[in-house]
Engineer: 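Quick one: the structure is below, questions incoming.
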Amino acid sequence: MMNTKITLELESELIVRAKEYAKKNKTNLSGMIENYLRFIVDSSEESIDLTPLVKSLSGVIKLDDSDYRKELTYFLSEKHKR
């Protein structure tokens, strides 16, 4: 396939942070953006078929948002205790 150049307008701070991320992960912005776009396009074209087991388990556990947040807060505070 042939590569084509495009121009994007993004916030300068985002570009700086993205370049740092790319450098740490031994890639470049073009590669990151290409992979992201490919992921989005491929994901939207695929439909995920759930197995009967997964469908039967869907919605089995019901938690209030408040219960979830309370449990998560407790877990994280215990995890990060010194």
Side-chain angles (χ1 to χ4, degrees):
M1 281 193 244
M2 187 172 103
N3 289 341
T4 303
K5 290 187 178 190
I6 64 169
T7 301
L8 301 173
E9 291 186 27
L10 304 169
E11 293 177 15
S12 59
E13 176 60 26
L14 177 60
I15 294 170
V16 170
R17 291 174 50 213
K19 284 182 178 180
E20 290 171 0
Y21 178 88
K23 186 175 181 178
K24 287 179 187 174
N25 289 279
K26 297 182 174 126
T27 187
N28 58 44
L29 288 180
S30 293
M32 286 174 44
I33 293 169
E34 182 176 356
N35 288 335
Y36 177 70
L37 292 174
R38 183 170 281 118
F39 172 78
I40 291 172
V41 171
D42 291 347
S43 295
S44 68
E45 292 174 354
E46 295 176 8
S47 64
I48 300 173
D49 293 328
L50 300 178
T51 65
L53 175 62
V54 172
K55 286 180 184 177
S56 72
L57 294 174
S58 178
V60 170
I61 299 174
K62 297 186 186 324
L63 292 175
D64 290 357
D65 284 342
S66 59
D67 288 343
Y68 168 76
R69 289 185 181 134
K70 182 178 168 183
E71 291 296 321
L72 180 60
T73 301
Y74 175 76
F75 171 78
L76 293 174
S77 66
E78 291 296 310
K79 178 181 175 184
H80 295 289
K81 276 187 180 177
R82 292 182 180 192

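Note that the structure is predicted; figures quoted are calculated from it, not measured.
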Engineer: Please tabulate, one pair per line, all N/O donor-acceptor pairs under 3.5 Å involving side-chain atoms of residues 5-20, not counting sequence neighbours.
Structural biologist:
none

Engineer: Who passes side chain to side chain contact (heavy atoms under 4.5 Å, CB included) against Leu37, sequence neighbours left out?
Structural biologist: Ile33
Engineer: With a 4.5 Å heavy-atom cut-off, do Tyr36 and Ile40 have their side chains touching?
Structural biologist: yes
Engineer: Can you give the donor-acceptor pairs under 3.5 Å from side chains of residues 23-30 to other protein atoms, not counting sequence neighbours?
Structural biologist:
residue : atom : partner : partner atom : Å
Asn25   : ND2  : Tyr21   : O            : 2.8
Asn28   : OD1  : Ser30   : N            : 3.2
Asn28   : OD1  : Gly31   : N            : 2.6

